[in-house]
Q: 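Dropping the structure in here first, questions after.
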Amino acid sequence: MQLLVGDRLRREIPAQGARAGLDVQAIGDGPVVQVFFGAAPLRTYRDVLATDQQRRKQYGVQLVQRGVLTNPGEKLYLSLAHTDGDLDRV
């Protein structure tokens, strides 16, 4: 079964973070993904604010510098037009 684009990123981004020794969570539904740096479960807005906001913004800046169009620190919006190569870049 092929993973949907959002599902793939929600699985792979935390795995890449773990390989780098970082606690990373990728949450969302369908084609929307939001990345947070922190290990605690994200249940409330307060939980989100307790994550590393600076690192989240830096991650977005790094994506832009690598040719991924996004608003640093905000959600990633995907579509069926995104290829496996596009997802690999993220």
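All values below were derived from every heavy atom in this structure, side-chain atoms included, with hydrogens, water molecules and symmetry-related copies excluded.
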Q: With rounding to the nearest 0.5 angstrom, report the CZ to NE2 distance, R8 to H82.
A: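 Output value for this atom pair is 12.0 Å.
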Q: Consider only side-chain N and O atoms of R56 and Q53, and report whether a donor and an acceptor are under 3.5 Å apart.
A: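 The answer is yes; a qualifying pair exists.
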Q: Say you draw a straight line from CD of Q58 to CD of Q65; how long is it, rounded to the nearest 0.5 Å?
A: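 Taking CD in Q58 and CD in Q65, the distance rounds to 10.5 Å.
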Q: According to a 4.5 Å side-chain heavy-atom criterion applied to Ile, Leu, Val, Met, Phe, Trp and Tyr, with indirect links allowed, do Y77 and V35 form part of one hydrophobic cluster?
A: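 No, no single cluster joins them.
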Q: Just wondering, more than 12 heavy atoms not from L69 lying within 6.0 Å of its CG?
A: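 Open.
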Q: Report yes or no: do V48 and V24 belong to one cluster of Ile/Leu/Val/Met/Phe/Trp/Tyr joined by side chain heavy-atom distances under 4.5 Å?
A: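 Per the 4.5 Å side-chain linkage, V48 and V24 are not co-clustered.
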Q: Taking the side chain as every heavy atom from C-beta outward, state whether I27 and L42 have any atom pair closer than 4.5 Å.
A: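 They are in side-chain contact.
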Q: Is the closest basic N to carboxylate O distance between R10 and D7 below 4.0 Å?
A: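 Salt bridge between R10 and D7, a charged N being under 4.0 Å from a carboxylate O: yes.
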Q: How close do P72 and V64 get, counting heavy atoms only, and between which atoms?
A: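 Smallest heavy-atom distance, with atoms named: CG-CG2, 4.1 Å.
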Q: Under 4.5 Å between any side-chain heavy atoms of D52 and Y59, yes or no?
A: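 Not touching, per the 4.5 Å side-chain cut-off.
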Q: Might you work through the salt bridge (Lys or Arg N to Asp or Glu O under 4.0 Å) test for D84 and R89, ending with a clear yes or no?
A: CA-CA 9 Å; D84 284 336; R89 182 179 288 165; over 6 Å; no
Q: Kindly check if the number of other-residue, nucleotide or ligand heavy atoms within 6.0 Å of CG (D88) is above 12?
A: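 Result for CG/D88: enclosed.
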